[in-house]
Amino acid sequence: MANEEMISELINFFAVAILFLIGIAIVFRIFCKHFKFDDKNVELYGLLLNLNTTSLISISAITINYLFLVWITISFRGLNVIYVAITLMLVLLSEAVIDNFKGLPLSILLSFVNCVAIQIVYLIYQYVTEEYFSYLLLIVLGLVVLFVFLYYTYNLFRQVNNVVVKHKYLKNKKYTV
């Protein structure tokens with residue numbers, strides 16, 4: 001892939017990410033009008049309100065990584081070194097900000113599994129579109145994409161859980177001087 005194409009693809013990703021963030025802002029705006037902040041039904045919003053800056057940076061990096069992985073998968077462009085570097089950079093940022101270096105090897109391993117999943121989806125897509133079209137293979141592609149999205153979502157929730165658990169530990173820890 002040429003540098004111009006890659007820059008164009010990254011600009012497309014930023015446009016999709018901005019649209020996603022606008023969508024989230026609209027959803028939060030609607031929910032904030034209908035719920036009170038003290039209400040128990042708004043636990044996710046309350047969770048985000050109670051986090052410190054480093055935890056919010058970590059969750060932001062996790063969310064951007066999730067969006068990036070979904071975008072790469074649904075664009076059917078395949079994997080390249082820059083995409084892997086961006087994903088690893090976001091994972092490293094997420095873990096480093098909250099000082100979770102124990103969980104770093106697992107996060108890196110799962111990121112490589114994410115990259116392998118992207119490549120598998122790309123290879124199946126290429127085979128279906130260029131070599132041999134079959135409705136059965138198209139269904140398999142759809143199921144693999146669904147599985148990959150569920151796997152990305154699992155990683156997202158696992159990493160958010162790590163941030164929240166780490167934050168609760170730091171919040172409840174008593175410091176002695």
inquiry  = Show, in sequence, the C-alpha distance, side-chain angles and deciding distance for F149 and I74, and conclude whether the side-chain contact (heavy atoms from CB on, under 4.5 Å) test is met.
reply    = CA-CA 10 Å; F149 287 165; I74 62 174; 3.1 Å; yes
task = Test side-chain contact (heavy atoms from CB on, under 4.5 Å) on V91 and N65 and set out the steps.
result = CA-CA 7 Å; V91 168; N65 188 34; 3.5 Å; yes
message = Let's go through Y125 and V145 carefully: what are the C-alpha distance in whole Å and the side-chain angles of both, what is the deciding distance for side-chain contact (heavy atoms from CB on, under 4.5 Å) to 0.1 Å, and is it a yes or a no?
response = CA-CA 10 Å; Y125 176 78; V145 168; over 6 Å; no
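Counting heavy atoms from C-beta outward, L143 and F147 have side chains that stay 4.5 Å or more apart. Two residues are said to be in side-chain contact when any heavy atoms from C-beta on lie closer than 4.5 Å; V16 and N12 fail this criterion. L88 is listed as a side-chain neighbour of F112, based on a closest heavy-atom distance under 4.5 Å. Looking only at side-chain heavy atoms (C-beta outward), I62 and R158 stay at 4.5 Å or farther from each other.
I108 and M89 end up in different hydrophobic clusters when Ile, Leu, Val, Met, Phe, Trp and Tyr side chains are linked at under 4.5 Å. A continuous path of hydrophobic side-chain contacts links V116 to V121 [ILVMFWY only; heavy atoms under 4.5 Å]. Residues I118 and L150 do not share a hydrophobic cluster, clusters being chains of Ile/Leu/Val/Met/Phe/Trp/Tyr side chains in contact below 4.5 Å. Transitive grouping of hydrophobic side chains (ILVMFWY, heavy atoms separated by less than 4.5 Å) brings L67 and V163 into a common cluster.
E95 contributes no side-chain N or O that, together with a main-chain N or O of L104, makes up a donor-acceptor pair within less than 3.5 Å. Remark: the backbone N or O of L56 is paired with a side-chain donor or acceptor of S60 at under 3.5 angstrom. Looking only at distances, no side-chain donor or acceptor of S58 sits under 3.5 Å from a matching main-chain atom of T54.
Within 6.0 Å of OH in Y135 there are 12 or fewer heavy atoms belonging to other residues, nucleotides or ligands. In the displayed structure, F133 atom CZ is contacted under 6.0 Å by more than 12 heavy atoms of other residues, nucleotides or ligands.
With rounding to the nearest 0.5 Å, the separation of CD1 in I72 from SG in C115 is 7.0 Å. One distance of note links CZ of F68 with OH of Y152; it measures 10.5 Å at 0.5 Å rounding. Annotation: the span from I59 atom CD1 to L156 atom CG amounts to 9.0 Å, rounded to 0.5 Å. The structure places OH of Y151 at 10.0 Å from CG of L69, a figure rounded to the nearest 0.5 Å.
Under 3.5 Å, the side chains of S55 and N52 contain a donor-acceptor pair of N or O atoms.
Across Y83 and N80, no two heavy atoms sit closer than the pair N-OD1, 2.9 Å.
A side chain to side chain contact (heavy atoms under 4.5 Å, CB included) with W71 holds for exactly one of Y66, F13, F14; it is F13.
In the hydrophobic clustering (ILVMFWY side chains linked at under 4.5 Å, chained through shared members), Y122 is joined by L123.
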